[in-house]
Amino acid sequence: MAKLNMVQAINLALREEMARDDRVVVMGEDVGRDGGVFRVTEGLREHFGAERVIDTPLSESGIVGAATGMAAYGLRPVAEIQFMGFIYSALDQLSAHGARLRTRSRGRYTCPLVVRTPYGAGIKAPELHEESSEAIFCHIPGIKVVAPSGPYTAKGLMLAALRDPDPVLYLEPTRLYRLIREEVPEGEYLTELGRARLARTGDNVTVIAWGSMLERVLKAVEPYSADVIDLLTLSPFDAETVLASVRKTGRAVIVHEAIKTCGLGAEIAATIAEDAILHLRAPVLRVTAPDVPVPLGKLIDHYLPTAEQIRAALDEVLQY
Amino acid sequence: MAKLNMVQAINLALREEMARDDRVVVMGEDVGRDGGVFRVTEGLREHFGAERVIDTPLSESGIVGAATGMAAYGLRPVAEIQFMGFIYSALDQLSAHGARLRTRSRGRYTCPLVVRTPYGAGIKAPELHEESSEAIFCHIPGIKVVAPSGPYTAKGLMLAALRDPDPVLYLEPTRLYRLIREEVPEGEYLTELGRARLARTGDNVTVIAWGSMLERVLKAVEPYSADVIDLLTLSPFDAETVLASVRKTGRAVIVHEAIKTCGLGAEIAATIAEDAILHLRAPVLRVTAPDVPVPLGKLIDHYLPTAEQIRAALDEVLQY
Amino acid sequence: MPNEVIAEFKVTRMSILDENGIADVALMPELSHEEIRKMYELMLLARAFDQRALALQREGRLGTYPPIMGQEAAQVGSAMAIKPADWVFPSFRETGVHLSLGYPIAQIFQYWSGDERGQLTPDNLNIFPFCVSVGTHIPHAVGAAMAARYRRDPIAVVAYFGDGATSKGDFHEGFNMAGVFRLPVVFICQNNQWAISIPVKEQTAAASLAQKAVAYGFEGIQVDGNDVFAVYCATRNALEKARGNGGPTFIECLTYRVADHTTADDAGRYRSSEEVAAWRARDPILRLERFMAAQGFWSEDYGREARSRASASMDEAVHEMEGFPPPAAADMFEHACASLSPRQTRQQEGL
Amino acid sequence: MPNEVIAEFKVTRMSILDENGIADVALMPELSHEEIRKMYELMLLARAFDQRALALQREGRLGTYPPIMGQEAAQVGSAMAIKPADWVFPSFRETGVHLSLGYPIAQIFQYWSGDERGQLTPDNLNIFPFCVSVGTHIPHAVGAAMAARYRRDPIAVVAYFGDGATSKGDFHEGFNMAGVFRLPVVFICQNNQWAISIPVKEQTAAASLAQKAVAYGFEGIQVDGNDVFAVYCATRNALEKARGNGGPTFIECLTYRVADHTTADDAGRYRSSEEVAAWRARDPILRLERFMAAQGFWSEDYGREARSRASASMDEAVHEMEGFPPPAAADMFEHACASLSPRQTRQQEGL
Ligand SMILES: Cc1ncc(C[n+]2csc(CCOP(=O)(O)OP(=O)(O)O)c2C)c(N)n1
Ligand SMILES: Cc1ncc(C[n+]2csc(CCOP(=O)(O)OP(=O)(O)O)c2C)c(N)n1
Ligand SMILES: [Mg+2]
Ligand SMILES: [Mg+2]
């Protein structure tokens, strides 16, 4: 079994699924000849041809809109938005159309579409290249949102997303693209959508994270006895696993790299406050980016939650 | 002092401010000759001329983008998006530009822009005419979001929004447009942004609502001894007022007409779980729309939170 | 090296049937009397639907409705050229297209009564849901055309929209992709002169909408949209071109929205009654009647009969529509997604 | 009534200085030797910036940087026609424009080093922040032009962008509004043939980008973008027209991105070295040198001297840039909004 990084793992998932299912086509800016600016689609055009690996004009809304039409027609498009900071102009297509096509057509048309996009901070790239606005998409019924935390889950989630009958937003943490190598088996394995993963178990506190924050959390919590939940699917998120852990530990800390206000951490904390309050011994803390626009490279390390901030939150809840 | 409905109150605010400040211009689809599809801008074109009350092409992104340029140049544009369901294609302009212009230009350029949009359900209009996606905008640092709950606050909030140096999204609950009449004074009064209003006081439970839900909440809570908080500014929301009340009552119920997951209710509940947990005697409940796309007219009454659902939540938290 | 001309473009207008009902025989498409009668009767059916819908709305039996009056030729003429296997992406003002393609009348009423179930397109048709969000369905048509090409399906795709839609970013992004990939898609714009209160002159500075195709490297043509034959011809030609790998075409149908924008609108606020009257005189149905009468296959009797058949269809459809049981609350969840999350399941159970 | 031609359009290309440095005297703008020298030196300055930026990036002293090499004529030629009171909306690849307008060199380096403070435009200039999100600044330019018109300010607005930007919805919505309101705005597209790996032929099926203006009812013109005189003339004419209430103009500058898209790109993956070599031979600086030499006001010595002055400016600017103290963490909050919320204040204090 090969040790792959996340770029390779996603590439492998796409490659295998394209070989298996000729409905799968890849499209977006620079996904073809260039193999994607992060090389996630490298080699696919050579292998599957320009008809299945489609370089498109610079049109984020058009890409998602056309992919929606393709999906409705019966294909399974994988549309890339080059960076999450450019997805906002496609929000209308995702929210008013992709997410609702099944409802609006009473099930006659569906939208089995995967929208891939690199997201998150820490690569010191220009403005809008380090966004983490997953909460916006988690507020749209009809779309699933997933974020792998390593190569293994990246492949499994991609395969699951590609098989899902509804639109899935697949977020690729750029900071992890080449940071972690893991054993990634060839062939089919699906990381079930809607299920979180217990990345580490402990007794005193539950830490919930996803995407690139998981790696940071795992380092930060080493001296603690903590359940660490790797959310994997951000919407619909696995409330059951979160609640079971919190009922056990009595304490919860949520870590995300998005800004605090109305981030996904709010939903998780609110769910705990609604369904596990009697088990709580401490405030539910969120360790997040501050409520400011993502800064450029020189300040990005101050923006992202740090291991110290995570530990400070753990220490605080453990006081109770 | 005249009794006005909300349409008239907003119209009055615009009229007064346009007379006072020639930087204020109104723009959007059908805002001029037609006076807006809800007549909110009625008579303004006749009074202030076509140069200040600008009928635009059908271009939501272009409207907000152009308004951003106007604001940067020194005007104070009020841009209308005809219904909130059509604002998604302007999200990129709001989020990547309007909200960040101050940051990106290091304060050299600012964006004193008001984006008005009718929002919310209950008028049995076609698809996308009854959206309530305020949480998306509350997750964007650099934008303020407000929602009046009646004619009086509608005028005060509009004046405050028009004076604010940063972008403000001003949400107009369509269901209330002509439902409530209140005394609305002529002349200047500002409803301070960032401050909630105690619409009713009580001892046992805190109910938080805004926009069109406030009216419903006030009816529902009549038999209870409840603090009812009218949020007014949704972002940044008045956590201090919410927390003070919850510390007093020990119970909180949040009511909104948006879907539950990642709605603004989540942020409020999370804030309570973070900062007032030791005072809580009961789970923090949310009474919201279900996690499905807004249905058409025949089902809308089942979608919107009802007085019965609100009472059921109150009864539940009061058991503790 | 003075300024060198690197490209030249012409925009043309096609018309066949003039306002007096006289057709240019050289351009006249080969249509049997029966086919022309079918066009005529579909136009009457569309008009009857409109009238009935307005009446029902006034009585509170229907929600907001966008009438098509004046646009029957543009809708019926184009739809008659569409084959059953083709895919159609309508906006919200294409009742005439739906009726021509055989969409169940009762379901159209049902949709405008606020019941999503009206959107369930019968299996034998490939019509996308009504699209209220102006212009945003254009990329879907483009994507379907890409998929059809990929599948080697010998079909074409048609997208309908209004003059207002031409200002939307999605119009541009969709058109541009259609050009780049030379897709089998036909874009039909009903330029009915108004987007609610915005006249087309304030929608764009372009002298015609057809010329917008120049920007995308494919053909644009203007047709007299009240001339059912010209619309039919232009659409048929464009569809044949599309099926034959000739790429996209943009057809601008010059027509007029004779009624209010919707039942919630009052067009008197923004346009003159003279303008409306002038266009009423160019009524597409009247024009076709004159043609048929001159050709000897229209009579007062036939007209009356055809109208009353249309009206009877409406009686029947309204009856059917009003017999539909109201949707259950749980129906909101029915098609929200393929399988509900635990939270959604609880929400559905809690209704 | 055969198909009637309702409109005709021509797209022209302007060029003055050919590849051998020979100018068409009839078209040659009135420019003094001093002014031409200034153009030349600014082009050298831009090239020097590029080279320095690439070197710094390789050494890890600068972040991702988008070189402009090959586009100096398009940038300097157009910027020389801009007046200080005009407003300029750049994309991210207009170093030559910034330099020509007198933007502090150290700040441009600072910006690309990942320090937002590089964006603070000096008070005497009206340059909007670099816009990385392709094409989305076009509506801002349109809005500024609306505001300038409203204020009766006798200025014009210029927006710069690339060929890729022409596919964005915001390009369309902005252009259309500019046409409708006949605004004092000049749109300058540097068609450098590539949008990262997408060649312009795959960006649009239109034979020229200039013809896209037909869709908006205003003039579009193509110029040889490596011909500094043609670019200057076209821009000056368009700006004068704009200031004189003649409405918008779209200028397509045909040029080439000789280097990689950015320092993070490898253009060798998607284009041939022959293509690049052919365009290198059309170098805009070389062309101007030839002209100046033939006219007798360029010499090897002067060229060397000018280059070394440009290089010295870079030394100085880099030194200045590297002397800037790093931003403090709290700086993130500095311009987030006019006044911080209580939560933001706590967050800032907690840093
Ligand atoms: C994206 C969007 N913006 C605004 C609206 C509100 N609205 C509904 S129809 C309409 C005008 C549409 O004009 P046009 O495209 O010419 O179609 P017509 O109504 O004339 O058939 C507007 C502004 C909408 N439905 N969608
Ligand atoms: C809206 C948006 N989509 C995608 C990108 C990623 N991206 C950066 S530059 C670029 C190509 C731009 O091409 P062009 O407009 O021709 O400008 P050039 O780079 O050639 O100067 C792309 C796709 C972006 N910055 N913004
Ligand atoms: Mg119209
Ligand atoms: Mg380019």
Side-chain angles (χ1 to χ4, degrees), chain A residues 60-61 85-96 99-100 102-104 127-128 131 133 135-142 235-237 252 254 258-278 280 282-286 290-295 320, chain B residues 60-61 85-96 99-100 102-104 127-128 131 133 135-142 235-237 252 254 258-278 280 282-286 290-295 320:
Chain A
E60 280 74 15
S61 183
F86 310 127
I87 205 172
Y88 304 119
S89 44
L91 187 81
D92 186 64
Q93 281 297 338
L94 269 169
S95 151
R100 304 188 202 205
R102 183 185 285 278
T103 299
R104 291 174 64 238
E127 61 164 351
L128 294 166
E131 302 280 298
S133 46
I136 289 178
F137 300 89
C138 297
H139 191 51
I140 300 173
S235 180
F237 81 101
I254 303 149
I259 67 160
K260 179 171 189 172
T261 299
C262 284
L264 177 55
E267 176 57 48
I268 298 168
T271 300
I272 296 170
E274 200 156 13
D275 293 327
I277 194 119
L278 301 180
L280 276 180
V284 180
L285 296 191
R286 290 177 280 167
D291 287 328
V292 300
V294 187
Y320 292 85
Chain B
E60 280 74 14
S61 183
F86 311 127
I87 205 172
Y88 304 118
S89 45
L91 186 82
D92 187 64
Q93 281 297 338
L94 269 169
S95 151
R100 302 186 204 208
R102 183 185 287 277
T103 299
R104 293 174 63 236
E127 61 164 351
L128 295 165
E131 302 280 297
S133 47
I136 290 178
F137 301 89
C138 295
H139 190 52
I140 300 173
S235 179
F237 81 101
I254 304 149
I259 67 159
K260 179 171 190 175
T261 299
C262 284
L264 178 55
E267 177 57 48
I268 298 168
T271 300
I272 295 170
E274 199 156 13
D275 293 327
I277 194 119
L278 301 180
L280 275 181
V284 180
L285 296 191
R286 291 177 279 166
D291 286 330
V292 300
V294 187
Y320 292 86

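In this structure, the side chain of A:His139 engages the main chain of B:Cys262 through a donor-acceptor pair within 3.5 Å.
For B:Thr103, the part lying under 4.5 angstrom from a heavy atom of chain A is the side chain only. With a 4.5 angstrom heavy-atom cutoff, A:Gln93 does not touch chain B via any of its atoms. Contacts of A:Ala276 with chain B are absent, with no heavy-atom separation under 4.5 Å from either backbone or side chain. Neither the backbone nor the side chain of A:Ile87 has a heavy atom closer than 4.5 Å to any heavy atom of chain B. The contact between B:Leu280 and chain A is made entirely by side chain atoms (from C-beta outward), counting heavy-atom distances below 4.5 Å. Only the side chain of B:Arg104 has a heavy atom closer than 4.5 Å to any heavy atom of chain A. Within the 4.5 angstrom heavy-atom criterion, atoms from both the backbone and the side chain of B:Val284 approach chain A. Using a 4.5 Å cut-off between heavy atoms, B:Ser95 touches chain A through its side chain atoms alone.
Interface check for chain B: of the options A:Leu285, A:Ile259, A:Leu264, the most heavy-atom pairs under 4.5 Å are formed by A:Ile259. Ranking B:Ser235, B:Ala252, B:Ala135, B:Ala90 against chain A, the residue ahead of the rest is B:Ala135, based on heavy-atom pairs under 4.5 Å. Chain B forms more heavy-atom pairs under 4.5 Å with one residue of A:Ile254, A:Asp291, A:Val292 than with any other, namely A:Val292. Chosen from B:Ala99, B:Pro295, B:Gly263, B:Pro236, the residue pairing most often with chain A at heavy-atom distances under 4.5 Å is B:Gly263.
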- What do the steps show when you test B:Leu128 against A:Arg100 for side chain to side chain contact (heavy atoms under 4.5 Å, CB included), and what is the final call? CA-CA 11 Å; B:Leu128 295 165; A:Arg100 304 188 202 205; 3.5 Å; yes
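When side chains are defined from C-beta on, B:Tyr320 counts as touching A:Leu278, because their heavy atoms get closer than 4.5 Å. Put simply, the side chain of A:Lys260 does not reach to within 4.5 Å of the side chain of B:Thr271, judged on heavy atoms. The shortest distance between side-chain heavy atoms of A:Asp275 and B:Pro283 does not fall below 4.5 Å.
With rounding to the nearest 0.5 Å, the separation of CD1 in A:Ile268 from OG1 in B:Thr261 is 11.0 Å. Rounded to the nearest 0.5 Å, atoms OH (B:Tyr88) and CG (A:Leu94) are 12.0 Å apart. Taking CD1 from A:Ile277 and CD1 from B:Ile277, the interatomic distance works out to 4.5 Å, rounded to the nearest 0.5 Å.
In this view, A:Glu60 and D:Lys168 satisfy the side-chain hydrogen bond (donor to acceptor under 3.5 Å, both in side chains) rule, not counting sequence neighbours. For B:Phe86, the ring-ring contact (aromatic ring centres under 6.0 Å, His included) partners are B:His129, not counting sequence neighbours.
Between A:Ala273 and B:Ala273, the closest heavy-atom pair is CB-CB, 3.9 Å.
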